[in-house]
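Worksheet: one structure, shown below.
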Amino acid sequence: MSDRTTTLCETTDEAVPLTSLRADALENWKADHGDWADWVSATGFTAKAGETCPLPGASGGLGRMLVGLGDKPDPVTGDLWTWSLLAESLPEGIYDLESQDAGDEVALGWALSLYRFDRYKTLPKPTARLCWPDGCDRDRVRRMTEAVCLVRDLINTPAADLGPADLADAAAEVARAYGAKVQAIIGGDLLNENYPAIHAVGRAGAQEPRLIDLTWGDETAPKVTLVGKGVCFDSGGLDIKPAEFMKLMKKDMGGAAHVLGLAQLIMDAKLPVRLRVLIPAVENSVSGEAMRPMDVIPTRDGKTVEIGHTDAEGRVVLADALAEASADKPEIIIDCATLTGAARVALGTDLPALFCNDDSLADDLLKAGMAQGDPLWRLPLWDPYRPKIDGKTAMLTNDAEGRYGGAITAALFLREFVGAEIPWIHIDMMAWNGGSRPGRPEGGEAQGLRALFALLEQRYDRAGSR
């Protein structure tokens, strides 16, 4: 596994001291450093977020660097992305931070500034390096950086190089690194093993559909099952998408990328759980084998689904995976999916929608998200909308009646396949940055990943108890 934290280094005498300042602390700093007050004033430095001010050394070189953190931390993300901005904007060199407050946040923001998806072309990367802050949990920062980059890399890879078979290979690579077991049920075997919905959606693709199944950990430990939507490309099927919407559909396996990233975090941290990861990996393609509007598709648990729209395929493949996850009776099921445009209309692209059948669990996750600067927003599993997913010729429809509440009706559809007694989290995410910002380049993005891992860390202690 490559080290994604190469912008962080050991302390060295060559490092330039780095002083971070809030805007309201600048005047006091100048009063305490009178020799520099006029210089700082002359440069126009006001300590706004991301601003820098070099101070000359005694020998004429760079003696110190002042950096601004703005008036106050962002109310949600703190200073995380300000440190990414600083890492990208500071000149080449090695810097040693004087204040060690929030060392993990500083190091993570700095490390994520390095991310570029450069598989197909060389892209410039930041050259400023930071000495690891004192008291920083290096393993934790490395672990999170690697997981975020894994998620981004998988989402950014074009479908020609990341089909269902390639996604299975990626899962196997993660499994090998931690001694996990992974298997896949492929093609016609999906029918033999009773995963008909996954097969129906993926049978038209160039690569055969499959169910990826990864397991790790002590079999007697609490069971945690992750389910990720692995639609490696979504043409919309016979109800084909318009070109402008199809352009981003390599990201429709973003849920699968997230659960692999989360699995890597769990295994690297050695959380005392029995982990299972289920990824239905398909391509929703167009061919003579494609499912048709108004086909009736059987599912693993016996419910039948009327295909009202072939572009609502994600919930169909997740139906089989969630039914299998529930049969194992885990303590918690977490599914991640780029499921609905309706969630994006409601919450925008940066804020994933959270659905949960357990109020206490939902509250814990929302709090973890705010504490990590990785927020989610809860939407209701609104039972009065349940009749909208009743089918006319089958038990359920994948195309709820009416134009409104689409994220809710999709979540209600998924709930049909989750054991009622099992705590369940469903996250409907964009998994994509529409534009570039410090530490967050345009392209695939990990959303809710840090929040979910913090929740699981809090829920399962080192002794394996709850």
Side-chain angles (χ1 to χ4, degrees), residues 4-116 123-136 141 145 148 373 433 435-442:
R4 303 284 197 144
T5 58
T6 55
T7 51
L8 295 155
C9 62
E10 298 296 336
T11 301
T12 171
D13 292 340
E14 300 174 5
V16 174
L18 189 69
T19 301
S20 59
L21 293 170
R22 295 280 175 212
D24 61 3
L26 178 59
E27 291 306 316
N28 287 339
W29 187 91
K30 288 196 291 187
D32 292 338
H33 299 79
D35 293 344
W36 295 116
D38 290 342
W39 174 279
V40 173
S41 296
T43 66
F45 179 75
T46 60
K48 69 180 181 181
E51 193 176 17
T52 63
C53 178
L55 304 180
S59 60
L62 181 59
R64 179 178 299 275
M65 183 69 75
L66 303 185
V67 297
L69 298 180
D71 294 328
K72 56 185 178 181
D74 183 277
V76 175
T77 60
D79 293 316
L80 178 66
W81 304 121
T82 298
W83 286 107
S84 290
L85 171 59
L86 289 167
E88 293 176 12
S89 59
L90 283 168
E92 183 176 359
I94 300 174
Y95 300 90
D96 193 0
L97 182 63
E98 285 188 318
S99 171
Q100 304 300 335
D101 293 342
D104 284 13
E105 179 184 65
V106 174
L108 180 61
W110 203 281
L112 290 177
S113 74
L114 183 67
Y115 180 82
R116 301 290 187 274
L123 296 168
K125 296 184 178 182
T127 55
R129 303 178 73 196
L130 180 71
C131 299
W132 282 99
D134 290 343
C136 175
V141 171
T145 301
V148 170
N433 292 319
S436 291
R437 294 167 290 178
R440 296 160 290 176
E442 181 177 350

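Positions are given from 1 along the sequence. Given the structure is predicted, the values throughout are model-derived calculations rather than measurements.
Among all heavy-atom pairs drawn from Gly439 and Glu88, the shortest one is N-OE2, 3.0 Å. In this structure, Gly50 and Thr82 approach most closely via the heavy-atom pair N-CG2, 3.8 Å. Nearest approach of Ala87 to Pro126, heavy atoms of both residues: O-CB, 3.6 Å. Between Ala15 and Cys131, the shortest heavy-atom distance links the atoms CB-SG, 3.8 Å. Residue Ser113 comes nearest to Ser84 through the heavy atom pair CB-O, 3.7 Å, listed as atom of the first residue, atom of the second, then distance. Between Ala47 and Leu26 the shortest heavy-atom distance is N-CD2, 4.3 Å.
Distance check: Leu97 CG to Leu86 CG gives 10.0 Å after rounding to the nearest 0.5 Å. Between Arg440 atom CZ and Leu80 atom CG the span is 7.5 Å, to the nearest 0.5 Å. Residue Leu112 holds its CG atom at 5.0 Å from CH2 of Trp81, rounded to the nearest 0.5 Å. One finds the OG1 atom of Thr46 at 10.5 Å from the CD atom of Glu27 (value rounded to the nearest 0.5 Å). Between Thr6 atom OG1 and Lys125 atom NZ the span is 7.0 Å, to the nearest 0.5 Å. In this structure, CG on Leu90 lies 14.0 Å from CZ on Arg129, to the nearest 0.5 angstrom.
The shortest side-chain heavy-atom distance between Arg22 and Asp79 falls under the 4.5 Å cut-off. Using a 4.5 Å cut-off on side-chain heavy atoms (C-beta onward), Leu114 and Thr5 make no contact. Side chains of Val148 and Tyr115 form no contact here, defined as non-hydrogen atoms less than 4.5 Å apart. A 4.5 Å side-chain heavy-atom check between Pro56 and Trp36 finds at least one atom pair inside the cut-off.
Applying the 6.0 Å contact sphere to CH2 of Trp39 captures no more than 12 heavy atoms from other residues, nucleotides or ligands. Within a 6.0 Å radius of CG in Asp38, other residues, nucleotides and ligands contribute 12 heavy atoms or fewer.
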Test side chain to side chain contact (heavy atoms under 4.5 Å, CB included) on Val106 and Cys136 and set out the steps. CA-CA 9 Å; Val106 174; Cys136 175; over 6 Å; no
When you look at Leu18 and Leu130, which way does the side chain to side chain contact (heavy atoms under 4.5 Å, CB included) test go after all the steps? CA-CA 9 Å; Leu18 189 69; Leu130 180 71; 4.1 Å; yes
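Under the side chain to side chain contact (heavy atoms under 4.5 Å, CB included) rule, Phe45 has a single partner from Val40, Leu55, Thr52, which is Val40.
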Only distances under 3.5 Å count here; give the side-chain donor-acceptor pairs of residues 65-75 to other protein atoms, sequence neighbours excluded, each with its distance to 0.1 Å.
residue, atom, partner, partner atom, Å
Asp74, OD1, Val76, N, 2.8
Asp74, OD1, Thr77, N, 3.0
Asp74, OD1, Thr77, OG1, 3.3

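For Trp132 (side chain) and Gly103 (main-chain N/O), no donor-acceptor pair under 3.5 Å exists by modelled atom type. Panel note: side chain Glu98, backbone Pro17; no donor-acceptor pair is recorded below 3.5 Å. Without hydrogens or angle criteria, Trp110 side chain to Ala128 main chain gives a donor-acceptor distance under 3.5 Å. Side chain of Arg4 to backbone of Ala111: no donor-acceptor contact under 3.5 angstrom is found. Judged by distance alone, the side chain of Glu14 and the main-chain N or O of Ile94 form no donor-acceptor pair under 3.5 Å.
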